[in-house]
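The block underneath contains the structure these notes are about, expressed in structure tokens.
When a residue number appears, it is its place in the shown sequence, counting from 1. As the structure is a computational prediction, the values presented were derived from the model and not from experiment.
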Amino acid sequence: MGALILALNSGSSTVKYGLYAVDPKPALLIGGTIETADGHVSVLDALDAALRDSPAPTAIGHRIVHGGPHRTAHCLIDDAVTADLVAACAFAPLHGPAALALIAAARARYPGLPQVACFDTAFHAALPDVAQVLPIPRRYRASGVRRYGFHGLSCESILAQLGDGVPSRLVIAHLGNGASVTAVRDGRSVDTSMGLTPSGGVTMATRTGDIDPGILLYQLRETGLDADELATMIDHDSGMVGISGLSGDMRVLRAAAGSNPDADLAIRMFERSVCKQIAAMAATLGGLDLLVLTGGIGEHDRATQQAIGTGMAWLPGLEIRIVASREDDQIARHAARLSPTAIVLPTR
């Protein structure tokens with residue numbers, strides 16, 4: 001029999017979990033979402049309760065948004081890995097601390113269980129220099145300032161589902177609360193819209209995406225904002241919520257757009273931003289064989305799907321496919337592959 005993996009996908013306020021039998025493909029046995037407001041110890045209490053009647057996992061896999069400059073491949077978690085993840089929080093302060101808190105709680109609760117870090121940045125680790133290097137003084141490269149790219153587990157899951165049908169020139173648009181667009185040539189990431197952090201690229205629900213850096217300098221000089229206030233502006237108060245003054249939730253904006261011009265503008269700016277990034281990735285690839293839309297908006301918002309189809313109609317013969325993002329399946333795959341535990345399904 002195969003491994004039994006508990007996949008944990010930590011967000012800023014929730015933890016998604018899934019118990020998977022991996023033999024060799026992952027099959028979800030039980031899953032759900034737990035609020036983290038009361039802390040990660042209570043999350044593990046809730047997990048134990050949810051999994052009380054299930055066999056015990058042989059390993060735990062954790063989604064890590066940013067691996068930093070020293071962790072470019074999925075790996076078993078030990079003290080050295082944890083130290084690198086602490087340092088990597090400087091690149092992803094929205095996501096890193098929550099994941100670290102959950103890892104610490106899980107290692108304390110299950111000290112004998114292998115735990116695996118699955119990085120959203122790993123899929124993009126081998127970006128070519130023209131995509132990876134940022135246009136700033138080269139002396140900053142040594143400290144890890146470069147393009148990392150994100151939503152890598154989502155991209156991996158798309159490739160796994162396409163199987164032998166992966167075309168030579170593929171663009172994956174992961175469109176959700178966070179959004180990014182990735183160019184994939186022959187199964188490998190060659191360019192992607194997010195950069196050093198998950199704040200760049202496409203206009204998102206609450207994040208700016210790409211903006212003129214002079215805006216930040218202006219805010220520093222003329223309004224006296226400090227670093228924390230700038231971070232709040234960039235990651236929490238901008239994007240569609242900033243444009244609309246209403247919400248970053250596409251469902252709310254769609255409902256309001258008929259009578260609220262700012263909600264309508266936010267939607268149109270998001271759609272235009274996505275199309276511009278898709279066009280950029282098509283230029284990187286020298287054409288486009290398949291465009292995959294995934295993520296909460298990409299999979300479920302029909303109007304966005306139609307707007308992207310219309311916006312990209314100038315590309316001859318473009319096929320657009322809607323494919324569900326299965327990040328947790330990938331976490332289960334990697335944890336099963338990397339775990340040293342014998343593949344026996346124990347009972348509680």
Indicate the atoms forming the closest heavy-atom contact of [X] with [Y], along with that distance.
X: Gly248; Y: Ala205; answer: O-CB, 3.3 Å
X: Met250; Y: Phe270; answer: CE-CD2, 3.6 Å
X: Glu271; Y: Ala303; answer: OE2-O, 4.1 Å
X: Ala324; Y: Gln161; answer: O-NE2, 2.8 Å
X: Cys275; Y: Gly311; answer: SG-CA, 4.0 Å
X: Ile103; Y: Gln115; answer: O-OE1, 4.4 Å

Considering only NZ, NE, NH1 and NH2 on the basic side and carboxylate oxygens on the acidic side, decide whether [X] and [Y] come within less than 4.0 Å.
X: Arg52; Y: Asp48; value: no
X: Asp301; Y: Arg251; value: no
X: Asp79; Y: Arg107; value: yes
X: Asp45; Y: Arg109; value: yes

Any sub-3.5 Å donor-acceptor pair from [X]'s side-chain atoms to [Y]'s backbone N or O?
X: Arg185; Y: Leu285; result: yes
X: Thr58; Y: Leu4; result: yes
X: Arg169; Y: Gly286; result: yes
X: Ser143; Y: Tyr140; result: yes

Listed partners of Tyr148 passing ring-ring contact (aromatic ring centres under 6.0 Å, His included), at least two apart
His66, Phe91

Taken in chain and number order and not counting sequence neighbours, the residues that satisfy ring-ring contact (aromatic ring centres under 6.0 Å, His included) with His62 are none

Please report the C-alpha distance between Leu175 and Val274 in whole Å, then the side-chain angles of each, then the deciding distance to 0.1 Å, and finally whether the side chain to side chain contact (heavy atoms under 4.5 Å, CB included) criterion is met.
CA-CA 9 Å; Leu175 309 178; Val274 173; 3.8 Å; yes

[atom2] on [Y] to [atom1] on [X], rounded to 0.5 Å:
X: Met204; Y: Ile234; atom1: CE; atom2: CD1; value: 11.0 Å
X: Ser10; Y: Ile64; atom1: OG; atom2: CD1; value: 8.0 Å
X: Leu6; Y: Ile331; atom1: CG; atom2: CD1; value: 10.0 Å
X: Ile278; Y: Ile172; atom1: CD1; atom2: CD1; value: 11.5 Å
X: Ile243; Y: Asp264; atom1: CD1; atom2: CG; value: 11.5 Å
X: Asp120; Y: Leu153; atom1: CG; atom2: CG; value: 4.5 Å

Is there side-chain contact between [X] and [Y], with heavy atoms separated by less than 4.5 Å?
X: Leu170; Y: Leu159; result: yes
X: Met269; Y: Arg272; result: no
X: Thr14; Y: Asn9; result: no
X: Arg63; Y: His334; result: no
X: Asp262; Y: Leu246; result: no
X: Leu318; Y: Leu288; result: yes
X: Ser168; Y: Asp289; result: yes
X: Tyr20; Y: Pro57; result: no

Indicate, with yes or no, if [Y] and [X] share a hydrophobic cluster defined by side-chain heavy-atom contacts under 4.5 Å among Ile, Leu, Val, Met, Phe, Trp and Tyr.
X: Val130; Y: Ile136; value: no
X: Leu338; Y: Ile5; value: no
X: Val171; Y: Leu293; value: yes
X: Val323; Y: Ile308; value: no
X: Ile322; Y: Met281; value: yes

Working for side chain to side chain donor-acceptor pair (under 3.5 Å), residues Asp235 and Ser199
CA-CA 6 Å; Asp235 288 324; Ser199 302; 2.4 Å; yes

Does a donor on one side chain sit under 3.5 Å from an acceptor on the other, for [X] and [Y]?
X: His151; Y: Glu156; result: no
X: Glu299; Y: Thr294; result: yes
X: Arg147; Y: Ser193; result: no
X: Ser154; Y: His174; result: yes

With side chain to side chain contact (heavy atoms under 4.5 Å, CB included) as the criterion, how do Thr208 and Thr203 come out once you've worked through the C-alpha distance, each side chain's angles and the decisive distance to 0.1 Å?
CA-CA 5 Å; Thr208 59; Thr203 299; over 6 Å; no

Could you check Ile158 against Val184 for side chain to side chain contact (heavy atoms under 4.5 Å, CB included), going step by step and ending with a plain yes or no?
CA-CA 11 Å; Ile158 299 304; Val184 180; over 6 Å; no

Would Phe150 and Ser180 satisfy side chain to side chain contact (heavy atoms under 4.5 Å, CB included), going step by step from the backbone distance to the final call?
CA-CA 7 Å; Phe150 301 91; Ser180 67; 5.6 Å; no

Report the residues that fulfil side-chain hydrogen bond (donor to acceptor under 3.5 Å, both in side chains) with Arg207, sequence neighbours left out, ordered by chain and then residue number.
none

